[in-house]
Each structure stands twice: as C-alpha cells, then as structure tokens.
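To start, the structure under review is shown below, and the notes come after it.
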Amino acid sequence: MFRTKKKNIEDKLFDLISYLFLILFALIILYPLYLIVVASVSDPNMVSNGQVWYFPKGFTLEGYKRIFEDNSILLGYMNTIIYAGLGAIISVAMTVSGAYPLSRKDFYGKNFFMAIFVFTMFFGGGLIPTYLLVKSLGMLDTVWAMVIPGAVSVWNLIITRTFFQTNIPEELREAAFIDGCSDFRYFIKIILPLSKPIISVLALFVIVGQWNGYFDALIYLSNEKKYPLQLVLRNILIQAEPQLGMMIDVDTLAAKLKVRELIKYSAIIVSSVPLLVIYPFIQKYFVKGVMIGSIKG
Amino acid sequence: MIFPLKKIKFSFKQILKNYQLYLLIMPTFLYFIIFKYIPMYGVLMAFEDYVPSRGIIGSPWVGLRHFVNFFNSFNFWDLIKNTVYLSVFQLIITFPFPIIIALMLNELTNEKIKKTIQTIIYAPYFISTVVLVGMMYVFLSPSSGIVNKIIEAISGNTIDFFSAPEWFRPLYIISSLWQGTGFGTVIYMAALASVDPQLHEAAIVDGASKLKRIFVIDLPAIMPVIIIQLILAVGNIMNVGFEKTFLMQTPLNLDVSEIIQTYVYKAGLLQAQYSFSTAVGLFNAVINFILLITVNALVKKISETSLW
C-alpha cells in the first residue's frame, strides 16, 4: 500500500514537472511571435522605448501601409508564388514518376537506379561546379534556376517509393494487367489517383521550401525584379542601411529610423502569416510525410 | 537499411515488357545525371587552374596546389575551428533536446494540452531563416530591442549582440533550439507511438514509476531511431547551415562566424576563384564523407543499428 502510494507521488511530481516545463517551453516559443504581431501595430516610439510587452500601444497601421505602398514586397510575393507553384508541379511530377518504377518488384535495374540516386546524398559536386553548370545551361536569372536544380531530392524519392510499396497492393496491378492495362495507363489511371496523400505531402515540402529559401535566389538571380520574397525581406530586415546623406535634420532621421523598425515588424508578419495560418491544417501532412519516410528509411 | 531491395534476374524479355517503366524513370534519371553527376565531374577543376573558355578538359592541371594553398592560408585553422565548433556545439545541445521533449510530451495524459503544445512548438519550423535572423536583429537591437531593454533595466548597460564575437555561437544555437526542437520531436513521437502499451501495463503492475518506465521501456524502444539520426547528424558535421550563418555574419563577428561554406561562397562566387573554392568545398565534402563512414562503422560495432 505504502509502496504504491509513494510511486503515485513520484508520478504526480513527474507529471507536474512535465506540464510546467512543456508549457513554459511552448510560451517561450510563442512569445516572440506574439510580440512581433503586437509591435507591428504599435507606435514605434513606444516599442523602441520598451513600453510594449503584452498589448499594442498607440495603435497604428503605418508599417503595413508603407509595405503595401512599396511594391518590392508585392513583387517578391508574386515571384515566390510562381516559383513555389511551378516548382511544386515539376518536383512532384519527377519524384512520383521516378519513384514508381523503383517500387515495382519486377523492375529490373532498380538497384542500379537506387544506387545512382542514393550516392548523391553523400557526395556532390559542391557550389561552384553546380553554379557553373546552371550558368552554362543558360538558366541564370531565369525562373528555371529556381525550380529545376533542386527539383528532386533523394529523401523524397525514398518516401514516395515507400508509400507505393506499403499502400498499393500488388494484386491491384495484377488485376489491371489481366484486363490488358499497360504500365503507363496503370500509372496514370490507377496509381496517380491513389497517390493524393503523398502528392500533397511532396507539394507541401516544395512549397514551404520555396517560400522560406533564399540561397538559390542569392546565387542564381541578379535581376531584382525576379527576387523572391525572402531576398526582398533580407534587404529590409538585415541589410537595411539608412541613407544618411538624404536626411539633414536629426529629428527626421530618428523618426525615419523608428518607422524603419516598424516596417521590419510588419514585413515579418506579412511574409510569415500565410504559412503560419495554413500550417495547423497542413501539420498532419508534414507529420505524415516525416513518418512515411522514417518507417522504412 | 537504404537498400532493402531484392535482386531480380536479368532478362531482355523482362526489360522489354517493362519498357514503359524505364520511360517513366528517365526524366528523374537524367535529372540526377545532369544536376548531380556532371557537377561531380566538375570537381576536377579543383586540381587545375580552371579557365571558363577552355573548359575542364582544356584547362591546365596544377595537381594539389589549391589544396596546399588552402592548408597554408592564414585563416585555414580559423575556418576549421569555426566550422567544427559551431556544428559540434550545435549537435551536442540541439540533438538531445527533441528527445527529452518527445519523452515528456508522450507522457502527458491531457490530450488537448498535448495537441496544443505540439502545434505551438512545431510552428517556428515554418518561419524562414531570413525572418528568424530578422527577428533576432529587432529583438536584440542595442537601441530599441526588447532584450536590451531588459538587460538595461537590470545592469544599466546594453549588449550589441551582433557585433560581439562571443555571442555569435550562443545566438546561433539558441535560435536553432527555438526553431527546430518542435519539428525534431515529430520523428521521436512517431517512434514512441509504436511502443507496445502492454509493456507499460506490465511495468505498472510491477510498480514502476513513469520515470523508470521512460528509461527501461521508451528510451530503448526509440534507440534505433536516435542512433540513425545521430549518424546522419555526425555525417553532416562539416555542413553547418550556410543560410543562417551568412545572415548572422557582420564584419565584427567574422572571426568566429566565417565557416567553410561561407568562405567557399565568397571566394568562389564573389571573387570568382573557381578552382580554389572548389578545392575547399571538396576538402569539406571529403571530411564529411570520412566522418559518416567512420561513425557508421563505429556504431555498427557497438550496436545492431547502422545506415548500411
């Protein structure tokens, strides 16, 4: 009796600590995000004086107004949407059509193909040879540089192959083939409609990657009109250099610097909201994707 | 584990019968040849003085000169040290954290709180690196950042975090914890979900506490997953995230923030030293590859789990 009671206290203590620790951790994660939202609609003076902690003070939408007046963010949005959409189509098409034969037991040479693909996970040409290749293909400063060089990842191929192996019964193919179905027809009419879950997972990976990445754009694009959102943001958030020569009056300089801070907060919100809003809905697909991938490495 | 496929007998009939499968895989195959294997061939330029107009075959060979130059350059040891420090500290601190969080989350009995916490801690994964670093800049700004307001209130001073070399690594790692922990738990949560509940029931009957059960049931159950993740992480130790490092670099913290990848980018693309930069990148890749093979072999000796 005494024994179990003692154990219960131990467990309760464990529960208490877990709850406290995890809730604290969740708050630490949430607070910076919340603070950005609050700061983006507050008076920049109060923010920079350290008066804004929980609730917006001196409500203003000036930051958002400035952002939408300047069309570089909107242009960045447009470009990112194009890169994400086109990238998702190309990536998904190549991954699914490449992974399907690898999932077939009767596909001669799949060890060869798999070895060719997997080797690239551990060794690659590196930055400069890849850059020179893209350059020599004439893709610099074009949409293609953003969507083709990274189109297929071995990891996604493995995930997709595993999905086919575990979700589509061999009997289905046998039945279809007895009815005179060819591989192509079977792939398009039967496999693709059954692959909606994996297609959405792959498309999400690509879209999130395109939405958040800036490295490819940094090396392959020099035309600012083609910059994706993240490169535009980088200029606003990190490289922002006040043009001191243009401002003489000290007061206006200070005021401009404060508005610049306000613009930063608003820019963070404007660029992150789309993903953060849809993310609770897509979370389960992500988890599914990671899980399909991890079960059968 | 990566090659679970069985051998199929070679026959022309089999290949002809499945010719459409070869057509299906062809675009992906060509993609790998063009975008992965041609750059591997391009690595040859590390051993020559590459002249774009003469191509890889036509450029003069210089053997290992670029490597020797790199080893003898004044910042060679700094680059190695910065790269290794950043990734080793990052690994030691950020690797166990998702495991601990997953083990704790797994024990929560209130499903609603559990789901909410999960949703919240995954969220930063969807914040881009640019925004993450941008957030650090606004929060840590010496003049208007909230963190410095707190520090000022306590000590009367402010810290210019992005100019202080000693703050670069802590900031890098703390921000990784903030951003990556939640997503890192996904895989461990999945592994924990497959633990047989009967084991727990039996242990409870024997009077085992939760903590005890975590150590004797949960942890051993997810150990293979932990080991695989660890091998992959160690095999990537020389690949610290270029994206974040590059954004966090300022002229004042360059002493600790210049890593091999940022150096390759600057020497190669900004200064157009194609051959030299490729040599540095190749050196980095080779070290990584050796590490991966070594760790895998070591782990294979100690435990049953390994990559291949």
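So you know, we letter chains A, B, ... as the sequences are listed, proteins then strands, and number each from 1.
Proximity of the aromatic rings of A:Phe123 and B:Tyr37 is defined here by a centroid distance below 6.0 angstrom, and this criterion is not met. Ring centroid separation for the pair A:Phe107 and B:Tyr22 comes in under the 6.0 Å cut-off.
Under the 3.5 Å distance criterion, the side-chain polar atoms of A:Asp183 are left unmatched by any main-chain donor or acceptor of B:Gln20. The closest donor-acceptor contact from the side chain of A:Tyr214 to the backbone of B:Glu243 lies under 3.5 Å.
Interatomic distance, A:Arg234 CZ to B:Thr129 OG1, rounded to the nearest 0.5 Å: 12.0 Å. Note that CG of B:Leu24 is 7.5 Å distant from CD1 of A:Ile188, once rounded to the nearest 0.5 Å.
Looking at B:Ile113, only its side chain comes within 4.5 Å of chain A, counting heavy atoms on both sides. With a 4.5 Å cut-off on non-hydrogen atoms, B:Ile56 does not touch chain A at all. For B:Phe276, no part lies near chain A; criterion is any non-hydrogen pair under 4.5 Å. At a 4.5 Å heavy-atom cutoff, B:Thr116 makes no contact with chain A through either its backbone or its side chain.
Judged purely by distance below 3.5 Å, without hydrogens or angles, the side chains of B:Ser209 and A:Glu10 pair a donor atom with an acceptor atom.
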Inset, instruction - Could you give me the CA-CA distance, side-chain angles and deciding distance for B:Glu107 and A:Ser18, then say whether side chain to side chain donor-acceptor pair (under 3.5 Å) is met? - result: CA-CA 8 Å; B:Glu107 290 298 324; A:Ser18 308; over 6 Å; no
Legend entry - Chi angles and distances behind the ring pair (Phe, Tyr, Trp, His ring centres under 6.0 Å) call for A:Phe184, B:Tyr19: CA-CA 10 Å; A:Phe184 263 155; B:Tyr19 79 97; 7.4 Å; no
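Using the six-membered ring where Trp is involved, B:Phe289 and A:Phe122 have ring planes that are tilted, between 30° and 60° apart. Relative orientation of the A:Phe25 and B:Phe97 rings is perpendicular, given thresholds of 30° and 60° on the angle between their planes.
When each of B:Asn18, B:Val43, B:Asn288 is scored by its heavy-atom pairs under 4.5 Å with chain A, the top score falls to B:Asn18.
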